[in-house]
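For reference, the structure discussed in these notes is given below.
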Amino acid sequence: MSAPELDSLQSELLEAISRAADLGALEEVRIAALGKKGRVSELMQLLGAMPPEERRDFGQAVNTVKTAVADALEAKRLELASAATAAKLAHERADVTLPVREGPIAEGRIHPVSQVTDEITEIFADMGFSIAEGPDIETDFNNFTALNMPPEHPARQDHDTFYFAEGPDGTRALLRTHTSPVQIRTMLKQKPPLRIIAPGRVYRCDSDQTHTPMFHQVEGLVIDEETHLGHLKWVLQEFCKAFFEVPEVKMRFRASHFPFTEPSMEVDIGYAKIGDEIKIGEGDQWLEILGCGMVHPNVLRAVNLDPAKYQGFAFGLGIDRIAMLKYGMPDLRAFFSGDLRWLKHYGFAPLAIPTLAAGLSA
Ligand code: DAH
């Protein structure tokens, strides 16, 4: 190869190097020139076959090209690398003046029903009650028969029950219509003295502004050898004061009827509506919040307890209702409509765990 040919090869390669738009393209140029089968490397391989007097000059000339190309490659590589870094920095720049984005702990909300259930649990736990649980799908026996509502009992009609198809034994499972079957489960499993509450979901085929097909109750049950109505009243009064966080709550115990208690009562609490605000424990409006009474002897017999030895009291409280009352939420249906705006407004911060010591809703 002649000197002018070498010159033109060099300028061709330098031209290609200067045109390389990125590091990938530059690498291709490098391989084509200096790689094992590159054009400059091939010239070097010719040296061996040359007569010695030509070899020196040609070798020097090729080396000059090689050095020029290698230098140009390195210069271009540095240039492209720093351009790539600059582009990356421009693209990934963090604006440290932006406000910190709130994480899930700050943005998430606890549903008022969960929060109020925790509040109720906290209060009764402080009074020595433990938590019992039962399934949403119940047997007819636990939901009705053992609670002194045998088949054909008229009170069954009041419950708007969701039934499942009849099973092989001829009975129909159902969605529990109240938390009272947990009384039965507890008494069948544990020996008195018993002191439990059982919060959970219940179901009735009913829907309007104050009723949803699924809602929440908490059941209470105390069984011992000397339990009377005075204990029941005291427990409920203490509960209401603690829950509504007021020193006194006006309560009204009305005679009522439930098949599983005798005597039975319904309890209303007094409140006043001042503008949009609801004041608990004052005023002349009443809201029914629970049913209660002394456990019926037939219920004790159904779970093999001797009514001559044991008595007790029970109560069933509507969680959603007292949540509405305490936190001023007007429409029960909004509780279960999954509207995030509602939850943002009425929900609780995840770390606002209710404790008696810190104040339940503080
Ligand atoms: N289970 C009743 C209901 O859902 C509420 C109730 C009333 C529960 C009296 C009780 C009780 O434990 O003693 O309507």
Side-chain angles (χ1 to χ4, degrees), residues 117 120 124 129 131-136 138-149 153-162 174-188 192 194-206 210-224 227-237 239-240 251-269 287-300 302-303 305 307 310-322 332:
T117 303
I120 295 170
F124 281 108
F129 286 66
I131 310 293
E133 280 182 320
D136 291 11
E138 259 299 0
T139 61
D140 185 278
F141 177 82
N142 287 341
N143 196 82
F144 290 127
T145 308
L147 288 163
N148 200 26
M149 284 181 275
H153 191 287
R156 285 180 171 227
Q157 246 85 82
D158 302 338
H159 280 226
D160 304 309
T161 312
F162 289 111
L174 47 83
L175 290 176
R176 66 178 179 188
T177 58
H178 49 179
T179 41
S180 303
V182 185
Q183 291 187 29
I184 303 302
R185 290 178 171 271
T186 305
M187 289 188 284
L188 285 173
L194 294 173
R195 221 187 282 175
I196 59 112
I197 59 163
R201 293 190 171 106
V202 299
Y203 304 84
R204 292 187 199 178
C205 189
D206 196 358
T210 51
H211 296 90
T212 49
M214 185 281 301
F215 57 105
H216 300 82
Q217 290 187 334
V218 58
E219 193 76 13
L221 176 71
V222 171
I223 301 283
D224 208 336
T227 318
H228 56 69
L229 211 67
H231 296 138
L232 168 58
K233 270 188 90 168
W234 182 84
V235 164
L236 293 177
Q237 274 165 351
F239 166 74
C240 284
M251 296 176 81
R252 185 165 77 174
F253 289 78
R254 273 183 295 110
S256 181
H257 178 265
F258 300 103
F260 32 90
T261 44
E262 181 57 39
S264 304
M265 291 165 296
E266 279 174 316
V267 177
D268 306 329
I269 58 169
L287 187 88
E288 184 194 322
I289 58 161
L290 63 88
C292 62
M294 300 305 294
V295 177
H296 196 289
N298 285 350
V299 174
L300 297 172
V303 295
L305 287 178
Y310 294 110
Q311 335 75 44
F313 62 81
F315 56 88
L317 173 83
I319 296 182
D320 318 86
R321 289 208 154 186
I322 61 168
L332 179 61

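When a ligand or atom number is given, it counts from 1 through the structure's own listing order.
At least one N/O-N/O distance between Ala314 and ligand 1 falls below 3.5 Å.
In this structure, the protein non-hydrogen atom closest to atom 2 (C) of ligand 1 is Phe260 CZ, 3.8 Å. Nearest protein heavy-atom contact of atom 5 (C) of ligand 1 is Gly316 CA, 4.1 Å. Closest to atom 12 (O) of ligand 1, if we only count protein heavy atoms, is Glu219 OE2, 2.5 Å.
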### Message
Could you walk me through whether Thr261 and Met294 satisfy the side-chain contact (heavy atoms from CB on, under 4.5 Å) test, starting with their C-alpha distance in whole Å, then the side-chain angles of each, then the deciding distance to 0.1 Å, before giving a yes or no?
### Response
CA-CA 5 Å; Thr261 44; Met294 300 305 294; 5.8 Å; no
### Task
Determine, step by step, whether Ile223 and Met187 satisfy the side-chain contact (heavy atoms from CB on, under 4.5 Å) criterion, reporting the C-alpha distance in whole Å, the side-chain angles of both residues, the deciding distance to 0.1 Å, and the verdict.
CA-CA 9 Å; Ile223 301 283; Met187 289 188 284; 4.0 Å; yes
### Query
Hey, mind stepping through Ile289 and Cys240 against side-chain contact (heavy atoms from CB on, under 4.5 Å) and telling me if it holds?
CA-CA 10 Å; Ile289 58 161; Cys240 284; 4.0 Å; yes
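Near Phe258, meaning under 4.0 Å from one of its heavy atoms, ligand 1 places the atoms 7 (C), 9 (C). Short contacts between ligand 1 and Arg204, defined as distances under 4.0 Å to a heavy atom of the residue, involve ligand atoms 3 (C), 4 (O), 14 (O). The Gln183 neighbourhood of ligand 1 comprises atoms 12 (O), with distances under 4.0 Å to a heavy atom of that residue. When each atom of ligand 1 is checked for a heavy atom of Ser180 under 4.0 Å away, the hits are 1 (N), 8 (C). In summary, the atoms of ligand 1 found under 4.0 Å from a heavy atom of Thr261, numbered by their order in the structure, are 13 (O). Within ligand 1, the atoms closer than 4.0 Å to a non-hydrogen atom of Gly293 are 13 (O), numbered from 1 in the order shown.
For Gln217, the heavy-atom gap to ligand 1 drops under 4.0 angstrom. Residue contacts with ligand 1 leave out His159, since none of its heavy atoms falls under 4.0 Å from the ligand.
When each of Glu133, Glu219, Arg201 is paired with Thr179, the side-chain hydrogen bond (donor to acceptor under 3.5 Å, both in side chains) condition holds for Glu219 and for no other.
Under the 6.0 Å cut-off for aromatic ring centres, His178 and Phe258 do not qualify, their centroids lying 6.0 Å or more apart.
When the heavy atoms of Gly291, Gly318, Gly312, Ser256 are ranked by distance to atom 7 (C) of ligand 1, first place goes to Gly291.
The backbone N or O of Thr177 sits less than 3.5 Å from a side-chain atom of Arg204, completing a donor-acceptor pair. Of the possible donor and acceptor atoms, none in the side chain of Asn142 sits under 3.5 Å from a partner among the backbone N and O of Ile184.
By the 4.5 Å heavy-atom criterion applied to side chains, Pro259 and Leu147 are not counted as neighbours. Counting heavy atoms from C-beta outward, Ile120 and Phe239 have side chains that approach closer than 4.5 Å.
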